[in-house]
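First the structure, in the form of structure tokens, and then the observations on it.
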Amino acid sequence: LAKTTQPISMDSYEGQEVNITCSHNNIATNDYITWYQQFPSQGPRFIIQGYKTKVTNEVASLFIPADRKSSTLSLPRVSLSDTAVYYCLVGDMAPGFKTIFGAGTRLFVKA
Amino acid sequence: GAVVSQHPSWVICKSGTSVKIECRSLDFQATTMFWYRQFPKQSLMLMATSNEGSKATYEQGVEKDKFLINHASLTLSTLTVTSAHPEDSSFYICSADGEGSYEQYFGPGTRLTVT
């Protein structure tokens, strides 16, 4: 399982774009990169998943460079409700794949 | 979208008693479910992998006789914390593999407090 490294915490202000970078130097060929969001006392919620280049959905974008050794989750125009812990996970995500969570990044959005 | 539920959402029990937590996939079948434990301000820790119709696979350091897992159907897995002690107080979360997707769906979690 590829080990991931993320900043422990980040601060931002409402309306700003937030970029959270995750390092995964030993990512394998079959591995996908998945980001989850977790609010206190709730289960994690899927945000976005990608394999290479750029993926965008209604809530975020995921940028993956050609070497795939890192990835960046981009949250456009954050609001107070985006204050949460964000986890970067790397793995082949095939059925039965064990998801091992790293420490995650605590994002604080201020007014 | 795929929904995973947990019951109860919170439970308080006395030391020495057993508590059962249910995890259900509401609108899809889940061959594999996972159980996690999360202490305050910490990340999720995988406890075990639950496979329908077979024995669960426990992570290193997790006592299988204390945390009994049963996955009797494709939509239900249960975690029983036996002879609970205050140090078992935690937030327990389950997840299930999505059908045909590379995504895991997480339940809302169960807060266990052992007094």
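Labels below follow one simple rule: chain letters A, B, ... track the order of the sequence lines, proteins then strands, and each chain is numbered from 1.
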Contact origin within A/R106 toward chain B - heavy atom pairs under 4.5 Å: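 Side chain only.
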Expected output: side-chain B/D97 to main-chain B/A30 donor-acceptor under 3.5 Å: no
Backbone N/O of A/Y51 and side chain of A/R68: donor-acceptor pair under 3.5 Å: yes
At a heavy-atom separation under 4.5 Å, does [X] approach chain A through its side chain, its backbone, both, or neither?
X     : answer
B/Q6  : neither
B/L44 : both
B/S43 : both

Side-chain touch A/V55/A/F63, heavy atoms, less than 4.5 angstrom: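 They are not in side-chain contact.
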pair A/K110-A/S12: side-chain heavy atoms closer than 4.5 Å: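 With C-beta onward as the side chain, the pair stays apart.
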Pairs of heavy atoms under 4.5 Å with chain B: top-ranked of A/S41, A/P40, A/G104: A/S41
Salt bridge flag under 4.0 Å for residues B/R24 and B/E22: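 Yes, this pair counts.
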